[in-house]
Every structure is written in structure tokens, then in C-alpha cells.
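All chains are named by letter (A, B, ...) in the order of the sequence lines, taking the proteins before the strands, and each is independently numbered beginning at 1. Just the heavy atoms: all of them, side chains too, but no hydrogens, waters or symmetry mates, feed the values below.
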Protein chains: 2
Amino acid sequence: MKASVVTIEPNGLCKDCSIREFSVCASLDDAELREFEHLGRRVHFAACESVFSEEDFTTSFFNVLDGVMRLYKLLPDGRRQIVGFALPGDFLGMNVSGRHNFSADAIGPVTVCQFSKAPFGRFIEERPHLLRRINELAVRELSQARDHMVLLGRRSAEEKVATFLLGWRDRLTPLNGPSNIVPLPMSRQDIADYLGLTIETVSRTFTKLERDGVIEIIHGGISLLDAARAEALAAA
Amino acid sequence: MKASVVTIEPNGLCKDCSIREFSVCASLDDAELREFEHLGRRVHFAACESVFSEEDFTTSFFNVLDGVMRLYKLLPDGRRQIVGFALPGDFLGMNVSGRHNFSADAIGPVTVCQFSKAPFGRFIEERPHLLRRINELAVRELSQARDHMVLLGRRSAEEKVATFLLGWRDRLTPLNGPSNIVPLPMSRQDIADYLGLTIETVSRTFTKLERDGVIEIIHGGISLLDAARAEALAAA
DNA sequence: CTCCGAATTTGATCTGCGTCAACTGCCTTT
DNA sequence: AAAGGCAGTTGACGCAGATCAAATTCGGAG
């Protein structure tokens, strides 16, 4: 939320980029990748720094390289809905109005690959396969968005939390490998604002799931003790 | 929901198509349009017929020409969340898994322009500007989806209903011209499932808004008597 | 016009989750 | 090691909206 003091470092090499296969760049061949390298610059954000705000004019696209961001919208009276969390490989900045339609800030330290809008736009222009890749990511996000609508509109608090924990675990799998230790870098308030609950309800639900032997609350996350039972809660 | 008995008629001419400017086709020039004509066929669906179901393999794309569809997802126990309503100009069928990720059925009679997946895919392949147009529609939908998440997660029943009525009116404006008479072709149950409420709460909220002089409930819709007050409720 | 069934409205009651408030434990500062 | 602060947890209570139930309206069939 505070003013942005970022560190810009020389570009790394795309071909060494650990998240390339998950990202937009997956669609580029070696020659394109070398050209692409010059378009983006690595930028670091400290914990809780704002990366962009809703209604800001879009000047850049962002490719998350490291860290986690929260993406959210605010109502005029301050109520907040987190519309998603961005992980390494996620691509941000697509819009239709020339303005961002949500705000994004760093949870913990974040590194992004930042592309100025115009040159990036020109690069896409000549590369339909990159556009196709971007479209694929948009369509995937749309599908996730619809799943989340079901969660927000029709699920109970316990179902919401169970669904969130499983979904988060699954999103981390390609990054960290499969594990039932689920790190939760975001705060309880973030989880509440993502699930359309209050912080107290999230806390109580965590406690209940722990009492029921479904999870164990550990420092900085949870351990999924009984994934099957969690799946059952999430499916119901 | 019942088995589909559809009527297929000879293709109309794209250049006479009333919704062309709103639709994917807006990106095509005259020559392309003539070629495009042969790809799609007009198909009619009767009220309440299913157009496609979640988890069906995607075999076609659809361009809505006339009528309204509800797009929804079901939980295993039957709870339903409507993720959107499709109006003339909307394009359906994009996905990443080869399967639809929601179900769609006609509210009242519907006409669509149906494209078989493979030839349509080939047509796009050679026309990046069409892909760009499709991407634009996807990004716009994504933005709407996020707005709807805020509604589902953070708004009260009254705010939900007011927001819905205004949003629906605004979506109809390009089709019917501006008017404060808002036709509501969908049932109260549909509205409830769209807003994450029960039918009783929707009904009560309509009644309350009418009592407060914000709307008048008329046959097949509502009349927006005090748009300013409705805006205030929706903004809050 | 009358009857039937479905959609909607209205009423009475219940409850899941929100609100308000206090407490705990951990981390940082001095 | 004491003090202060913030994130998280727990408890008591209230309320918005769900649930259950009954009326009412409406549209279509005969």
C-alpha cells in the first residue's frame, strides 16, 4: 500500500528462467526468446508493496517470477474482495479498457518480469502463437473465476475453506512438487476476503478442521492430514 | 433440460446480421464475412432446452443471435450457481480442456449461430485479428466475472438485487436502446441462483424496492422508477 | 369461464455467520 | 527481560438471510 521503492536489476536470461514452461513464454522458440529478453526487465517488490491499482492506466504487463501477490477489488466503503492470488507463471495486465480492473500487491517479496505495454503489444502483433497462448491463459482464468463464483455464492464456510486449501495445494504442486504441507503466505484476513467470509469465521473453521483431524495448523501454513475428508467436504 | 429437438435453417447472410457489430464477427471484413457465412449454421432452441452441458466435449462454438441463455454450474447435491446470462452477441464455447466448463440452456426461444470446432479453429488460425477479437471478449468476460465475485462475496441482498437490475438494464441498452423498463426474461429462481440468494429473499427484496419507490414490478420485468436511488444502493 | 399446476409472494421461525469484545502468543524494540 | 504491538483465536450475542409453510397470483388447458 505504501509508495513503491523497487529494485531493478539487469535482465536474467529467459532460457534459464525457472517458470518459463508455465508462463506465456512457453509458446516462444529460442530465437524469439532472445528477442523477448530485451523487452522485459526484472523488478522486485517488497512485502506489501503495491504493484498496480485498480483504475490505474495500464502501462505494463507483468509476468510473476517469484513470490505471491493478492489481486483484489475494493468497494467504496472499504469492503474488499480478493479475486485471486497470483503465483509464479501468472501473467497480469490484460484488460480491455486501458485500465487495470483490480489492484495487485505483493504478499512477501515478489519478483516480476515487467513489459512496457507498447513494445510488448508490437511483439505480440507479429506472433499469433503468443496471442494464442495469452488467450489460453485468459480462458483458463475465466474457468477458475467461474469455479470461484460457485464457491462464493453457494458453499458453506467449511466447504469454502476446505476447497481453498485443496485448490491452493494443487496450485503449488507444479512449483514445489506434491506435498500435503501447504504453506499459506497470505494472512487470515486475505483468506477471509478471498472466500467471502470474516477473519473470525476463517479462524474458527481452521480450528474446527484441526479438531476434526482434517488438518494440522502449523507455522506459516497447514498440514493436510486427511486429504480424503477434505475432498469430501469440498465436493459436497 | 429435455432432449434437444432443434430446427436448422439455411444460413442467413452475415452482412444482414443484426448483432454483427457486437459479436466476434465485428473483426471481419466483407470478403472474410462471405467465407465465414459457410462455417456457421443457424440453430433454434426452444424455451428451457439445453444447448450444452458442463463436462460435455466441446464440439462447437456458439454465437448468440437472439434470445437469452443461462450459464450455470451445479454442485453434486444440486445447488446451482448461475455464472452469467448470455445475450445476442455473446460468444460461447472457448475452453482449455476440450470440455465445456458450465452448462447452458435457453430461457425462452433462442437462435444461435453454431460453428463446428475444427473448421472454425482453422479459420481463426489464419486470422490473428479474429483471435484478437476473441481474446478481447474473453478479457471482458473475465472483468465481469471479477465484478460478480465482489457482488457474491461482499454485497448484501439489497445491494445484489439493485446491482443486478442496473447491470441488466445496461446490458440491454445496446440491444434495445436505453430504457428504464427492464424486461426480466429469467425466473426469480434464476435471479436467486445468479446472486447467491434464495428465491424468497429475491422476492422480498423486489417487494421492498417497490415499497421504497425504487422500482415497480411489472409483468415480465420491472420499471426502474428511481435509478439514482438504485445506483446509490449498488454503489454503497 | 373454470380448473389446475407452477411461479411468486408473504409470513413465521431458525441458524450460520457476522459483530463486538476480550484474550493469547509471538515477534520486535529497547 | 520487559513492554508494546500485531496476527490470530476464542467467546457471547445478534441479525441477515435461509428454511419451512401457507397463501396468492398467473398462465394455460379444456
Side-chain angles (χ1 to χ4, degrees), chain A residues 1-2 47-48 70 75 77-82 107-108 151-165 183-212 215-222 233 236, chain B residues 1-2 46-48 70 75 77-82 107-109 151-165 183-212 215-222 233 236:
Chain A
M1 282 305 200
K2 49 179 196 169
C48 293
R70 65 178 150 255
L75 290 175
D77 63 2
R79 281 174 287 177
R80 184 177 71 157
Q81 177 66 45
I82 291 186
I107 299 175
L151 178 144
L152 290 170
R154 288 298 179 220
R155 302 189 92 113
S156 70
E158 193 174 27
E159 289 169 353
K160 285 177 176 181
V161 170
T163 305
F164 165 68
L165 293 175
L184 296 174
M186 70 291 285
S187 69
R188 293 286 189 271
Q189 186 63 62
D190 288 339
I191 297 174
D193 287 345
Y194 183 57
L195 300 178
L197 298 170
T198 59
I199 186 174
E200 293 93 333
T201 299
V202 170
S203 182
R204 278 186 246 275
T205 307
F206 269 66
T207 306
K208 176 169 192 308
L209 289 175
E210 182 166 54
R211 221 174 25 237
D212 295 351
I215 64 171
E216 189 190 351
I217 300 170
I218 59 180
H219 182 74
I222 60 109
L233 285 172
Chain B
M1 283 305 201
K2 49 182 195 167
C48 293
R70 64 178 153 268
L75 290 175
D77 64 3
R79 280 174 288 176
R80 184 178 70 158
Q81 176 67 45
I82 291 187
I107 298 175
L151 179 143
L152 290 170
R154 288 298 178 219
R155 301 186 92 107
S156 70
E158 194 174 26
E159 290 169 352
K160 284 177 176 181
V161 170
T163 306
F164 165 68
L165 292 175
L184 296 173
M186 70 293 284
S187 70
R188 293 286 189 271
Q189 186 64 62
D190 288 339
I191 297 174
D193 287 346
Y194 182 57
L195 300 178
L197 298 170
T198 60
I199 185 173
E200 293 95 332
T201 298
V202 170
S203 183
R204 276 185 248 275
T205 306
F206 270 65
T207 306
K208 175 168 192 309
L209 290 175
E210 182 167 54
R211 220 172 28 234
D212 295 350
I215 64 171
E216 189 190 350
I217 300 170
I218 60 179
H219 181 74
I222 60 110
L233 285 171

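- Pairing each heavy atom of A:Leu195 with each of A:Lys160, the nearest pair is O-NZ, 2.9 Å.
- As judged by a 4.0 angstrom heavy-atom cut-off over every strand, B:Gly196 is placed among residues touching the sugar-phosphate backbone only.
- Formation of a donor-acceptor pair under 3.5 Å by the B:Glu216 side chain with backbone atoms of B:Glu210 is not found in this model.
- Between A:Lys208 atom NZ and C:dC17 atom C1' the separation is 14 Å, expressed in whole Å.
- Mapping B:Ser187 and A:Leu197 onto DNA chain C by nearest heavy atom places B:Ser187 closer to the 5' end of the strand.
- Between the NE2 atom of B:His219 and the P atom of C:dT8 there is a distance of 11 Å, rounded to whole Å.
- Looking at heavy atoms from C-beta onward, A:Arg70 lies out of side-chain contact with A:Met186 at the 4.5 angstrom threshold.
- Going from atom CG of B:Asp190 over to atom CZ of B:Arg80 covers 4.5 Å, rounded to the nearest 0.5 Å.
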*Encode nucleotides 9-14 of chain C as B, S and - characters from 5' to 3', where the letter depends on protein heavy atoms closer than 4.0 Å: B to the base, S only to sugar-phosphate, - to neither.*
BBBB--

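- Listed for the A:Arg204 side chain is no donor-acceptor partner under 3.5 Å among the backbone atoms of A:Ile199.
- Atom P of nucleotide C:dC17 and atom CG of A:Leu151 are separated by 12 Å, given to the nearest angstrom.
- For A:Arg154 (side chain) and B:Gln81 (main-chain N/O), no donor-acceptor pair under 3.5 Å exists by modelled atom type.
- Side-chain contact between A:Leu197 and A:Phe164 is absent, with no heavy-atom pair separated by less than 4.5 Å.
- Protein atom CD of A:Gln189 is 13 Å distant from nucleotide atom C1' of C:dG18, rounded to whole Å.
- Protein chain A touches strand DNA chain D; the 5'-most and 3'-most nucleotides with an atom under 4.0 angstrom of its non-hydrogen atoms are D:dG8 to D:dA12.
- Within the 4.5 Å cutoff, no side-chain heavy atoms of B:Val202 are placed close to those of B:Tyr194.
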